Structure formats: C-alpha cells, structure tokens
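The structure under discussion appears below in the form of structure tokens.
What's counted below: heavy atoms across the whole structure, side chains too, no hydrogens, waters or symmetry copies. Every value quoted in this text rests on a predicted model; they were computed, and no experiment measured them.
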Amino acid sequence: MKIKNILYITAVAAFGISACSLDKFPLDKETSDSYFKDAPQFENVSNTFYADLFKGPFFDEESDICFKTNLPMKIRGGKLRVVPSSGGGWDWGTLRDINNMLDNLGNCADESVRAEYEAVGRFFRAYFYFLKVRDFGDVPWYDHELSVKEHNELYKARDSRDYVMGKMLEDIDFAVAHLSTEKNLYKISKWTALAFKSRFCLFEGTWRNYHGNDGAEHDGNYWLAQAASAAKEFITTSPYKIYSTGKPAEDYMMLFASQVANSDEVILAKAYSYSLGLSHFATYNTFGQNQFAFNKKFVDSYLMADGTEITANAGWGGKGFFGEYYEKMTGRDPRLAQTMRCPGYHRIDADSLMVGDFNTSCTGYQVVKYAQSNNVLETGRWMATDNDMPIFRAAEVYLNYAEAMAERTDVNITQDDIDLSIKPLRDRVGMPNLKLADANDSPSAYMSSAEYGYSNVKGANKGVILEIRRERTIELAEEGDFRWYDLMRWKAGKCIEQNFYGMYFPGVDRGFDLDHDGQNEVWIYTKEKPADLDEKVTYNVLQVGKTITLSGKTNGYVDPHQKTQHVFDESRDYLMPLPSEDLALNKNLKQNPNWGTKKKQ
C-alpha cells in the first residue's frame, strides 16, 4: 500500500463541533475553552475543513462539453430546475467550525501556532465564502461563532456581494502572509493561497465585467488586478512549474494518470487510499458503462498541430475531409490525443489499440484523461481507483494570469504576458505559441459564434480573450467544476443550448474503419444486420433509432440528446435558488431573481 498523508475526517464531536445548518445550530453549547491548546489539536480540527470543502465534483460533468447519456437537471434546465426545500448548497456548518477554531486561538500560548492556524482558518473561510458567492451572489457574512446573545444575527439579511468579497480578500491576504512556504501536496501553503486568490479574484473581475458592477465600490478592473498580481507572484516566485519531461505526446496525460500527484505542478491534491475506503471513479469514467463523453464542439476547438484552426479548413463540419473521425482526430494539438481516444490510442502499458466505444461513450469521443494503467489497479476493483486528484495546479494559475490581463481595460496585455503564461503550457505539448497581435487582428469566427462559442466578447482584446478561453477549456477539461462556473462568470450560459453532438457518419448500412487499420470498428444499420456481420466489424454494432441517433435520418452527427432539452434561462440560472425552508425561517432573506417559490416575495 502506498504511504501518503491522508486527510480524513477526525473525531471532533467531543468538543462540540457540529455540521448542522447555521440557522439551526445549538446556541447553548459549552465553549471550547478546554481545547485548541497546541498545534496537534488545531491540526485535528482543521483537517476536517479539507474533507468538507474539497468534495468535487472532479469530472466537470455538469457542463456543455462533457456529459453522459442522462443529463443532470442543472443542464436540462427550464422547469426541471426547481427550488429545493433544503440544502442545495445553502449549508453553513463548516463556517461555524472554522469560526469556532478562529475564536479560540487565544487558548494557545504559542504565538507561532496561533499565527499559522489563524492563516489556515482564514484561508478556509475565504474558500467557504467563495463557494457561496459564486452560487448565490449576496450572502450573510459571519466572522465569528454566534453566542446566545447574538441569536438575532441568525436572521439578518444578506450582506452585499461587494462587502463579502472585501472580507474574503482580507482573509486571503492574511493567509498569503502567514502560511508556510514549504511544498506540501496535501496541506495548504502560501502558494495554495496565492493560487486561490488568483482564482476567486478572476471570477469576481470577469463577473463584474460581463454582468455589471451594480454600484459596487470596486469595478472589474480592481479584481482583475488582484488576480493578476497574485498569479504573477506565484509564477515568478513559487517553487512550482509546468511539468514536462520533454515528451509532448505523453507528459500531459501522465500528469493525471500518476498515482501520486506530481509535485512539480500540483499545488494541492486530494489523497485517496483504497485500503481506507477512500476511492473515486476517474478510471471507470473512461472505460465504464456510464457513457461519459466529450462533444463535437469541444473536439473542434482544439487547434491543428501547426497552430491553425481545423474549423478554417474546407470541408470542416461533416462533409468531406475533416468530417470523419480519422481526418478530424489526427494532426491536432497533442492534448487532444491525451484527453480522449484518437487513432493510435492504447492504454498505458498496453499494446492493443482502442477507438471510441459507443458502449461506454455516448458521442464516440471517449475520455482518457485520468485513465491509469492496469498495472496500478488491484484485481477486481477497476471501478474504484485511488490516485491523487489535483485541486490546485500551476497551469490554472498561469491561465488566470493571462485572462486577467486580457480582460483588464486599465492596462494593455503584452506579448510578454502571453509568453509568461500561455507559452509554457503550449511548450509542454510542442504547440506554437499564441501571438497576441495575430489573435486580435483576426478573432476566431468559430470561437466568437453563437453556435459554437461566445458571441458577447467585444473590444480590442476580443481575439486574445477568445484564444485564452480556448486554451483554458482544453487545458482544464474534466477538472473539478471549472467549465460550469466559467460559463457563469462569462455570462455565457447559452452555451448550454448549443448542440450536444458527437462523431459524424456520412451514411448507414455500412461499416466504418475509424483508425484506418483495415478493419471496421463500427457498423451502423437501419433494419437488419448482415448475416456475416461478425466478419465485417470488430467493435460496435449500432441500430439507427435504437442504439444510435443521428442528426439526419440516415447520416449526420451522433445526437444522443436529440429528444432531451438542455436550456438556460438568462434571467434566472446564473445564480442558484435559496431553499424554501430557509426563506420561511428567515423573513429577511429574499430569493434570487426569477426563482419561484411557494413563499410570496
């Protein structure tokens, strides 16, 4: 069994830490005066914050680029999204635990321990509030555990987004100043705090740029400057870098297939141990029967290996060259073949070639990111894997810097900024660097279209913003929940309504040699299978209308969600609804716009 610093929930009930809702916790409990005397006691409590806050999802499946046969209600949208009676992310128990620890710092006589764990507590409080602000907007701010005398504070109105973000910034700046500078895969450090600061400040800056400032004290430029400053400090002073061994055809893939996270690039990881009952389903997502897949829109966003767009080629779109699988999937950005099955794919440490399997991929574009070798999986448990899952890695910080600089209107992004941030990511996979002037002179028609991209990007930096979004979507695909919240902050929710297509097939009642190896891997028929079918196909046998749906009657794109809605309400869906029970308990809370409830607003 591998040995790692496993972070798991410790037994802390003895001193009264509860996970119930903030508006329901017991106000007459004893204080924690007898606890928080030394570093081990602080560590026992703070370890629970990792478990409570870093829950995932890790595979970005609630998005427009990666999905299963059954779409979640969040993506289907419309009347299928309803106000929950309770929960729905409006939970406050972890905040109470964090504030309880911070309130009892004075119990410890060691000043250095107090400073360290104040930094830890304030990092997690900022993280807690980021999750709340990105979902709900305005939320009530609490910076200490409420006493019996403060009972009325449980029923106050929401504080302004501007106020809460300002408090989060104070917390994270304290954390940056006081956390350890030592690398630690499983514990937060100064570098984790800088990475997180760049994340939430970029979120807020772009939110204000695209959704409006609502009279807040600070505009988008203020928050973007904070993001850029934190990211640049990380890039230029941290011990982290973009991992590369000089193997552009495999380095990106191996970063995620590693059993123990790569400490060159991964700043913070979540550790798992099968022997302790801690596992996840990353490898199962790639080979299992849940039909997890990428869509055509995402595949087409990858550049050619020479840095040009496949969408600029004659015949792109399905008719002729670049329409079918082999032509579409070869000669591309090497990250494509390290993220999904392309011609020539074989599993790590295996020889047999594999193409997209429609039994395990609803579009044919099958995920391989995170897929491990059979050699590291114990017999009989291929569905449950326990390799580390990255929570923060350097590549995100590099992308945060590039986007923050491109979105600012108070300064001009330069080629030096691109060279500092985007170039290392492309160098890892042997791709040409992004050229700022070229991008802005000729913005991508594909990336700016309402059908495939983002039609609301404007201004002198439109071209480079679109290219950075392309880079971000490709580099961070299937990691955490980046994609959903990127769409939210960019005010690009309508991307959810774009086509959820897969591979293109020009006809039916015939076979398809997807990887040009001389054998048909797929056979599509309408009514009857050929009598000698076993001699004609080696992989998938699909019947139109039953096991495969095409966008046309007898040809077109695989269309697994042809009869399933995926809609986005621009007036409502950028924020989540507050639960009806909490609205009933606290008359000062108001529901987010256009979320109907039984309670009159």
Side-chain angles (χ1 to χ4, degrees), residues 61-80 285-300 315-320 322-329 340-341 343 354-367 451-452 495-516 519-567:
E61 56 197 65
E62 292 184 337
S63 79
D64 61 322
I65 63 170
C66 195
F67 44 79
K68 301 178 183 178
T69 304
N70 296 317
L71 293 178
M73 294 302 180
K74 193 173 181 179
I75 298 300
R76 295 180 67 183
K79 293 181 180 180
L80 297 175
N285 268 347
T286 67
F287 296 104
Q289 301 298 312
N290 62 6
Q291 298 264 298
F292 201 53
F294 290 114
N295 74 351
K296 171 188 180 295
K297 176 180 74 172
F298 178 55
V299 174
D300 289 346
W316 166 78
K319 298 178 181 179
F322 290 115
E324 297 186 53
Y325 177 80
Y326 186 85
E327 290 82 2
K328 182 186 289 289
M329 304 297 277
M340 64 191 81
R341 291 189 189 180
M354 307 171 78
V355 298
D357 183 355
F358 285 92
N359 291 313
T360 57
S361 168
C362 65
T363 66
Y365 295 129
Q366 187 160 357
V367 178
E451 186 176 0
Y452 307 108
C495 288
I496 298 297
E497 298 183 355
Q498 294 166 353
N499 288 324
F500 283 12
Y501 284 160
M503 285 186 194
Y504 177 81
F505 292 101
V508 295
D509 293 312
R510 53 164 289 192
F512 296 90
D513 180 3
L514 297 183
D515 58 2
H516 288 196
Q519 294 181 314
N520 292 324
E521 289 83 23
V522 174
W523 189 281
I524 302 177
Y525 70 99
T526 50
K527 295 181 179 180
E528 294 184 4
K529 301 178 185 178
D532 57 348
L533 184 59
D534 289 344
E535 300 175 10
K536 295 177 179 291
V537 65
T538 62
Y539 226 72
N540 292 148
V541 179
L542 308 168
Q543 184 175 10
V544 175
K546 291 190 176 181
T547 52
I548 191 171
T549 303
L550 300 177
S551 58
K553 290 183 179 180
T554 57
N555 62 20
Y557 302 109
V558 177
D559 192 0
H561 297 295
Q562 189 176 88
K563 297 181 180 180
T564 306
Q565 73 171 36
H566 41 99
V567 299

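Evaluation of the salt bridge (charged side-chain N to carboxylate O under 4.0 Å, His left out) rule for Lys529 yields no partner, not counting sequence neighbours. Scanning for side-chain hydrogen bond (donor to acceptor under 3.5 Å, both in side chains) contacts around Asn555 gives an empty result, with sequence neighbours left out. Not a single side-chain hydrogen bond (donor to acceptor under 3.5 Å, both in side chains) links Gln519 to another residue, sequence neighbours left out. In this structure Asn540 satisfies the side-chain hydrogen bond (donor to acceptor under 3.5 Å, both in side chains) test together with Asp357, sequence neighbours excluded. With sequence neighbours excluded, no residue forms a ring pair (Phe, Tyr, Trp, His ring centres under 6.0 Å) with Phe358. Pro72 meets the side chain to side chain contact (heavy atoms under 4.5 Å, CB included) test with Glu62, Ile75; sequence neighbours excluded. Remark: Asp64 engages Lys297, Arg483 in a side-chain hydrogen bond (donor to acceptor under 3.5 Å, both in side chains) (not counting sequence neighbours). Phe512 pairs by the ring pair (Phe, Tyr, Trp, His ring centres under 6.0 Å) definition with Phe505, not counting sequence neighbours. Take Asp534 and apply the side chain to side chain contact (heavy atoms under 4.5 Å, CB included) test, not counting sequence neighbours, and it matches no residue.
Taking the side chain as every heavy atom from C-beta outward, Val299 and Met329 approach each other to under 4.5 Å. In this structure the side chain of Lys328 never reaches within 4.5 angstrom of the side chain of Met503, judged on heavy atoms. You'll find the side chain of Asn295 stays beyond 4.5 Å of the side chain of Gln498, heavy atoms only. Between Tyr501 and Thr363, the closest side-chain pair of non-hydrogen atoms is not below 4.5 Å. Two residues are said to be in side-chain contact when any heavy atoms from C-beta on lie closer than 4.5 Å; Tyr365 and Val558 fail this criterion.
Considering CZ of Phe292 and SG of Cys362, their distance stands at 9.5 Å, rounded to 0.5 Å.
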inquiry  = Determine whether Gln366 and Thr360 satisfy the following criterion, side-chain contact (heavy atoms from CB on, under 4.5 Å), listing intermediate values before the conclusion.
reply    = CA-CA 8 Å; Gln366 187 160 357; Thr360 57; 2.8 Å; yes
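Minimum interatomic distance between Ser63 and Phe500 (heavy atoms only, all atoms of both residues): O-CZ, 4.2 Å. The two residues Arg341 and Tyr325 have their closest heavy-atom pair at O-OH, 2.8 Å. Shortest non-hydrogen contact noted between Trp523 and Pro530 is CZ2-CG, 3.6 Å. Nearest approach of Glu521 to Leu514, heavy atoms of both residues: OE1-N, 2.6 Å.
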If you look only at distance, which donor and acceptor atoms sit under 3.5 Å apart when one is on a side chain in residues 560-567 and the other is two or more places apart or in another chain?
residue, atom, partner, partner atom, Å
His561, ND1, Thr69, O, 3.4
His561, NE2, Lys68, O, 2.8
Gln562, NE2, Leu550, O, 3.0
Gln562, NE2, Asp559, OD2, 3.3
Gln565, NE2, Arg76, O, 3.0
Gln565, NE2, Gly77, O, 2.8
His566, ND1, Ile496, O, 2.7

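For the side-chain hydrogen bond (donor to acceptor under 3.5 Å, both in side chains) condition, the pairs that include at least one residue of residues 543-554, sequence neighbours left out, are Tyr525-Gln543.
In Asn70, the CG atom is not crowded: 12 or fewer heavy atoms of neighbouring residues, nucleotides or ligands sit closer than 6.0 Å.
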